[in-house]
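We count residues from 1, following the sequence as given. In listed order, ligands and their atoms are each counted from 1.
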Amino acid sequence: MTDALHEPGYLHMLPRKTAVVGVASGYGAGDRECQDGPEVLRTMEILRDLENCGGSFHWDDIIHPLFSSGVEPLLVVRDVARRVAQAVAGHLAAGDFPLVIGGDHSCAIGTWSGVHAHLQSTVGADARLGLIWVDAHMDSHTPRTSPSHNLHGMPLACLLGRGEPQLTEIGGVGPKLHPEDVCLIGVRSFEWSEAALLRTLGVRVYFMDEVHRRGMDAVLEEARQHVGAATAGYGISIDLDAFDPREAAGVGTPAADGLTRDEVTRAFGALSGDPHLLALEIVEYNPYKDLHFATAAVVRDVCSALLCQPHAAP
Ligand SMILES: [Mn+2]
C-alpha cells in the first residue's frame with residue numbers, strides 16, 4: 001500500500017471530489033456555540049485552498065437541528081446523527097470523499113455509522129472500519145459514568161457499542177468499530193472510568209506524553225498501520241481541542257499542552273492521497289472564541305495537508 005501510494009502519478013488516478021457536510025448542532029455540548037462553526041467556516045471560504053492545490057470540493061447543505069429549544073438533547077443528537085449518517089453514506093456511494101465539519105463531537109456517531117453502513121453494503125457484512133481519533137479527551141463515557149451527561153463526551157463509546165441504545169443503534173444494531181481497529185492520539189484530559197473502559201476493550205491510546213516522546217510522525221504512522229491492519233479502510237476524526245490552546249483557542253473545551261499545528265500538518269502530509277482514507281471529520285470549532293481566526297486557519301491547514309495532492313504535476 002505504501003509503495004503504490006508513492007508511485008509518481010498515482011494520485012492522478014484518484015479524482016475524488018470532497019463533499020463537505022456541515023453539522024450545525026451544539027446539543028451534545030454544555031456550551032452550544034460550536035453550532036455556528038460550519039456557517040462561519042463556509043462564509044470565510046476557508047476551504048478554497050483545496051481548489052488551488054488540484055483538489056475539488058463542494059459544500060453540501062449544512063445540517064441543522066429540526067427541534068425548537070427545550071427538547072431533550074438526546075432526541076436532537078439522535079436525529080442529527082441519523083441525517084449525518086445518511087448524508088455521509090450518500091456521498092461515499094456517489095464516489096465523493098466526505099468531510100464533516102461540526103458542530104460538537106456527537107456528530108461522530110452519525111459520520112462513522114454512515115461510513116460503516118457504506119462498507120457493509122459495498123464490501124460486505126464482515127467489512128471493518130478503522131478510526132484514528134485525535135482529541136484531548138477520550139469521549140468514551142457512558143450515561144452511567146459521565147459527570148456532565150453531555151453527549152459529546154460519549155461518541156466513541158457509542159461507536160464501540162457502549163451506552164445509550166438510541167445512539168448505538170444508529171445505522172444498524174451493533175458496534176460500528178472493533179476496539180482493535182481504533183487509536184486515540186493526543187489525550188491528556190479524561191476521567192478514570194473512560195480510561196478503564198478503553199483499557200478493558202483494548203483500545204490503543206497515544207497519550208500526549210507519548211506524542212511528545214516519540215513525535216507525531218512516528219505515532220501517526222504507527223496508528224495508521226494499527227487501524228488499517230484488519231479493516232477495509234479508515235477514517236480520521238479530529239476534535240480541535242487536541243491542538244494546543246495557544247494555537248487553537250476557538251474550541252469548546254480547551255486543554256493545555258496540546259498538539260502543534262506544524263507537527264500535525266507535517267504528519268498528515270504523509271497520508272495525503274491515501275486511498276484507504278475514507279472520510280475526515282473536524283469538530284468543536286467555536287468561532288466566538290477564535291482569536292484572529294487562528295483556529296479556522298488550523299482547519300484550513302489540516303484539510304490542505306490531508307486532502308491536497310502534493311504529488312500531482314504542477
Ligand atoms: Mn471530542
Charged tip of R204 within 45° of Y206 ring normal and under 6.0 Å: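 Yes, R204 lies over the aromatic ring of Y206.
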Tell me, please, which residues at least two apart from W133 pass ring-ring contact (aromatic ring centres under 6.0 Å, His included).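 H105.
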For residues 86-96, tabulate all N or O donor-acceptor pairs below 3.5 Å that involve a side-chain atom, not counting sequence neighbours.
from: H91; atom 1: NE2; to: D60; atom 2: OD2; distance (Å): 2.7

N-O pairing of R128 and E180 below 4.0 Å: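 Yes, R128 and E180 are salt-bridged.
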Using distance alone, with no hydrogens and no angle criterion, decide if D181 and H226 have a side-chain donor and acceptor under 3.5 Å apart. no
Would you list the protein N, O or S atoms within less than 2.8 Å of the Mn ion (ligand 1), leaving out water?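 Within the sphere that stays under 2.8 Å of the Mn ion (ligand 1), the protein atoms of type N, O or S are H105 ND1, D135 OD2, D139 OD2, D239 OD2.
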Which donor-acceptor pairs under 3.5 Å do side chains of residues 290-301 form with protein atoms, sequence neighbours excluded?
from: D290; atom 1: OD1; to: A294; atom 2: N; distance (Å): 3.1
from: D290; atom 1: OD1; to: T295; atom 2: N; distance (Å): 2.8
from: D290; atom 1: OD1; to: T295; atom 2: OG1; distance (Å): 2.8
from: D290; atom 1: OD2; to: Y285; atom 2: OH; distance (Å): 2.7
from: D290; atom 1: OD2; to: T295; atom 2: N; distance (Å): 3.4
from: D290; atom 1: OD2; to: A296; atom 2: N; distance (Å): 3.0
from: T295; atom 1: OG1; to: A249; atom 2: N; distance (Å): 3.3
from: T295; atom 1: OG1; to: G250; atom 2: N; distance (Å): 2.9
from: D301; atom 1: OD2; to: R261; atom 2: NH1; distance (Å): 3.0

